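Remarks on the structure that follows.
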Amino acid sequence: MTRSSQPEISVHEAVGTTALPAISPFRRTVGAMLHNPLAMAGLIIVGLLVLIALIAPLVAPQNPYDLGQLDIMDGRLAPGSESMTGMIYLLGTDDQGRDLFSAILYGLRTSILVGVVSAAIALMIGAGIGLISAYAGGRTDAVLMRIVDIQLSFPAILIALILLAVLGQGVDKIIIALVVTQWAYYARTVRGSALVESKRAYIDAARSMALPDRRVIFRHILPNCLPPLIVVATMRVAYAIMLEATLSFLGIGLPVTEPSLGLLISNGFDYMMSGDYWISVFPGLTLLLLIVGINLIGDALRDILNPRREG
Amino acid sequence: MSSYLLSRILQAIMTLIVMSVLVFVGLYMIGNPVDVLLSPSATPAERLEIIQAFGLDRPVWEQYLLFVSKALTGDLGNSFVFNQPALDLILQRMPATLELAFTALLMALVIGIPLGIRAGLRPDGLVSKSIMTFSILGFSLPTFWIGLIMILSFSVQLGWLPASGRGDTVDIFGVPVSFLTLNGWTHLILPAFNLALFKISLVIRLTRAGVMEVMQLDFVRFARAKGLTEHRILRVHVLKNTLIPLITVIGLELGSLIAFAVVTETIFAWPGMGKLIIDAIAVLDRPVILAYLMITVVMFSLINLLVDILYSVVDPRVRLEGASR
Amino acid sequence: MSNPILSISGLTTSFRTGGQWRDVIRDISFDIGPQETVAVVGESGSGKSVTAMSVMRLLGGNARSSGRIGFDGRDLLSLPLEEMQKIRGNRIGMIFQEPMTSLNPVLKIGDQITEVLMQHRGLDHATATTEAVRLLDKVRIPSAKARLGEYPMNFSGGMRQRVVIAIALACEPKLLIADEPTTALDVTIQAQILELIKTLQQEEGMSVLFITHDMGVVAEISDRTVVMYRGDIVETDTTRQIFRKASHPYTRALLSAVPQLGSMAGQPRPLRFPVVDMKTGEIAPVPPTADTVRHDIAPVLKVEHLITRFPVRKGILRRIAGRVHAVEDISFDLHAGETLSLVGESGCGKSTTGRSLIRLEKMTSGRVQIDGKEVTKANQGSLAEIRREAQMIFQDPFESLNPRMRVGRAIAEPMIAHGLASSSEAIRRAGTLLEQVGLSAAMADRFPHEFSGGQRQRVCIARALALDPKLIVADESVSALDVSIKAQVINLMLDLQEKLGLGYLFISHDMAVVERISHRVAVMYLGEIVEIGPRQSVFENPQHDYTRKLMAAVPIADPTRRQTRRIADSEIRSPYRAADYEPAKRQYREISPGHFVQLTVEK
């Protein structure tokens, strides 16, 4: 329309990318994930494990929590043994005659549930506090971040130990303990990226257009804090699952009636020396597979979502 | 410099106060303190004695002060199980835990830093990719499970190394240590490596990230333009900038190693304070739990303080900012 | 030319991206003679820096070069790395753009100088230290000896660039490669560094390869000039010849887009930049600018005694130890259709002024009225209404758009949030606005990363126009753009002013651009306005010492007007003051109608 605005040629045009349709950052991320073999491996592993955990009651030959279905006579049978009733124990049995394959499926359920639920709650609390801290600034920020610093200077396992010593055992208790040990990581991540984002000019632009605070926080700042948050959350879920297993292994996490993977490994510990390796090894391998899978995804996300690589 | 130090010391004291309040609230307010301090089999007379000794009939703030003053004199109650002062129990076992934690830390640094540098210098090479895959595995392996596998392979199957205990010790200044005898070493090496594994991965990743970041900075390019050899650029320019931030991490990780020793000590029957606390939790020996808690709080605050001081000595930016701003 | 120092022939450098090799520079050839200065000039993406880095072989593993780079009778491209290391920093010195990051932050300055001397000249530490003092003296760093033990963070940007030059010259190289060495510096500091490079070149008798995007600097410093465009050399000639009669259309376009300080003498109104046809090189005549200033109605912006100070807290108790007096008692008005420029160097408070006006920064005291409405005491609701009238355009077009929002949405968002339009109506208007700034409505669906820098800045302008404002605060809005793009965006801004009667508060450090587009100018220094008045009057008859210094420091894109300047080696002062500091009341004198200059007070 104007004399002067002759179209300038951009680098993109020179390279010829403008012919492509507009790609959202989300779709770019998904695309990059699909082209990364390690990430794909992680996605497949985690996908399969989550799937069989979800349908555990349908595929497990036995309900490991139902003591009536257990036969102590079948205790510590090697993988592939046959039960009195003719059922094949694919992965053997534990000391109480529990089918390990079924126990692993159910244990996986518990592990994933505890990991995901605690991470989700911790994320919401942490992200909320992080945003408040970044947006309020000043004294509020200083106090909140001091608390986060102090909390983070104490190892997660220590805090969890103490809490469980006070609270006792149970799925709800361990979720509380995991939330308490993890929220600070999310708070620090969100606060850090929110501070970086809120100093960038597009936030100034949003404010200079007098957009309401709520809109600035939730439509502009938060979406741009998501990439680091997603990476941290992925890694933290893996860590939460591992921590739960560790605590259960130590006998202060989940009760014996709800055998999670950690407890199964712990049960097998005593029999390991006598050569009944499978009671510990198979649940351990499952746990390892799950955590490796999640970490592979997290690692790939970290590379893909690295802000320096965004153009 | 001095104002920086002062503020750090004040912060450490603040942390201690806050933590003592939290512990006090946790143990005194939520549970019944009499139950905390007294074994369930105590007689009513003993009960009354405790109530008076700890002033449980007085106002809350007085109780807190009493708790603090008792804690400061090292009186944290007697263990129900051992019937000894809880603090003494903890202190007796601390050297074993510290030996384990420091050995693991040393392993993490000696193995982790070179591998991390290698992976950071040529991030796309096959060697670097293998190192990184190993590190993902390293922090995905649950410590307790890999400990079991290590016992299974090295002790049960191969019979190379002992599976439990601390072995022969030698006293240094009255403190027993394992690392001076061959037998002690054979006992130390498996648990220490077990404890270190997670941290090796962590150090690899942090070092690699640091090296990769520093290598892209302008001053490295300028150092090349100065005609310096790659060796000197790495040794003088890259390493210093990479390793300084690692100091903070090392401090935090030392604390974490001490805490995670709980797991390793349980598996390898290492007679440290981690094993003690797990046993105490199992039988609800609360004075021991309390003593362990207070000791670790003090220890971590000291470590953090030392790290801050060390950092300010090594990094001119922290040192000078502290002075001028 | 007899025996060139550096002789580049057929140099092609490619980078590997996504498994493919792509040429970044193609078939580059030119020579540099003894004691000659050759400038390589071009816009971003022209390959000028890649050329310099190829000579030093600093491009890393995903780049490869072919051709020949003759230096000292040898081909640098075929030397083994050890031999190349003996040349770098020894026979060829190099300095880079960013003085703030070129030095290692955790090593003492002294060690960073002596390591070169020990490496190349085999000196022992004591001799190297003595030599380092001599070098720092040479680049005019005061009390050199004492400063050897200090860290880079104790030096200002200009001082760091001097240290970098000292290191580059430590081994008396035959060739100095300077890659945009003054781009990150303020104009007075730039003048000092350029002068220093010129002097040292004569003292040392070396040749200089000078990489720059700035035609003014080219005219100022180089004997011959190589013009690059998208990886090719389009023209090589003596600098005088290029400026007098460039043969390539691109060079002509580039030159026509460069504002020359002083070229506006006798012009009362702002002037568009001429548009050059890239094929024929023909220059279209510049259309006259209409008189847009509305003196007949009340000013759209009125600022009285504005003060913005930032407290600096120290110690454990976080007591206020001092304050940065970012903006100190400034007053001015701006009429509809008028452009008032705030000009000054970094830290002068020009940006803080702009941000304080719409309360992006909290002002300490003073009174601001926008379109007759009081900003100072406005509550959230009325502030929102005021901000509709005054919009901002920021410096970095890569930063000022939310990367996760389609640009159409970004433009529509303020209309929706202010309830001015329904969602569909706003999206439709966003398309119209995009067309108004010279883009197409179809681009509304794209994300910011799909646009070039100039296009993004147009999007930002469209967004600023969405609320139909009367005033636009343009904070260094064209500073980050390439010369030719800059000219186009400025032309667009002038078009919009004519069409919509916008008032512009144009914040810039670039004196030449300011001269081209302003009706009035205010020169800022240490938070204060030292001189304000009609553009013609201020530029043709500058009164304040600082205004004169600033104007003298600007490199002029005309080699026939080359001057040896005497810019004192002073640093830019900081507006940081002790907590109990009370600034003196300033007096102004009216030189000519509307032209005020601050009177210097005895301290």
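If you're wondering where the values come from, they're calculated on a predicted model, not measured in any experiment. Below, chain A is the first sequence line, B the second, and so on; all start at residue 1. All values below come from the heavy atoms of this structure, side chains included, with hydrogens, waters and symmetry mates left out.
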Open item on the list: Heavy-atom pairs under 4.5 Å with chain B - which of C/E115, C/Q85, C/M56, C/H120 has more of them than the others?
Closed with: C/E115
- [ ] Establish, from distance only, whether the side-chain atoms of C/S65 and C/T13 form a donor-acceptor pair under 3.5 Å.
- [x] yes
Task: With C/H325 via ring-ring contact (aromatic ring centres under 6.0 Å, His included) - residues at least two apart - done: C/Y581
Open item on the list: If the condition is ring-ring contact (aromatic ring centres under 6.0 Å, His included), which residues does B/F300 pass it with, not counting sequence neighbours?
Closed with: A/F154
- [ ] Write out all pairs satisfying side-chain hydrogen bond (donor to acceptor under 3.5 Å, both in side chains) with one or both partners inside residues 102-125 of chain B, taking only residues at least two apart or from two chains.
- [x] B/R118-B/S128
Open item on the list: Taking every non-hydrogen pair under 4.5 Å, which of C/Q112, C/Q97, C/E82, C/E98 racks up the most with chain B?
Closed with: C/Q112
TODO: Determine the minimum heavy-atom distance between B/F219 and C/L103, stating which atoms define it.
DONE: CB-C, 3.5 Å
Open item on the list: As a test of understanding, state which of C/I177, C/I5, C/T37 forms a side-chain contact (heavy atoms from CB on, under 4.5 Å) with C/V208.
Closed with: C/T37
TODO: Would you mind checking which part of C/M53 comes under 4.5 Å of any heavy atom in chain B, side chain (CB onward), backbone (N, CA, C, O), both or neither?
DONE: side chain
Open item on the list: Given C/M206, which partner from the list C/I92, C/L175, C/L176 fulfils the side-chain contact (heavy atoms from CB on, under 4.5 Å) test?
Closed with: C/L176
Task: Residues of residues 222-234 of chain B near chain C, each having a heavy atom less than 4.5 Å away - done: B/F222, B/R224, B/A225, B/K226, B/G227, B/L228, B/T229, B/E230, B/R232
- [ ] Among the options C/I95, C/I167, C/V116, pick out the one with the most heavy-atom pairs lying under 4.5 Å from chain B.
- [x] C/I167
- [ ] Give, for atom OG of C/S78 and atom CD of C/E83, the distance between the pair rounded to the nearest 0.5 Å.
- [x] 10.5 Å
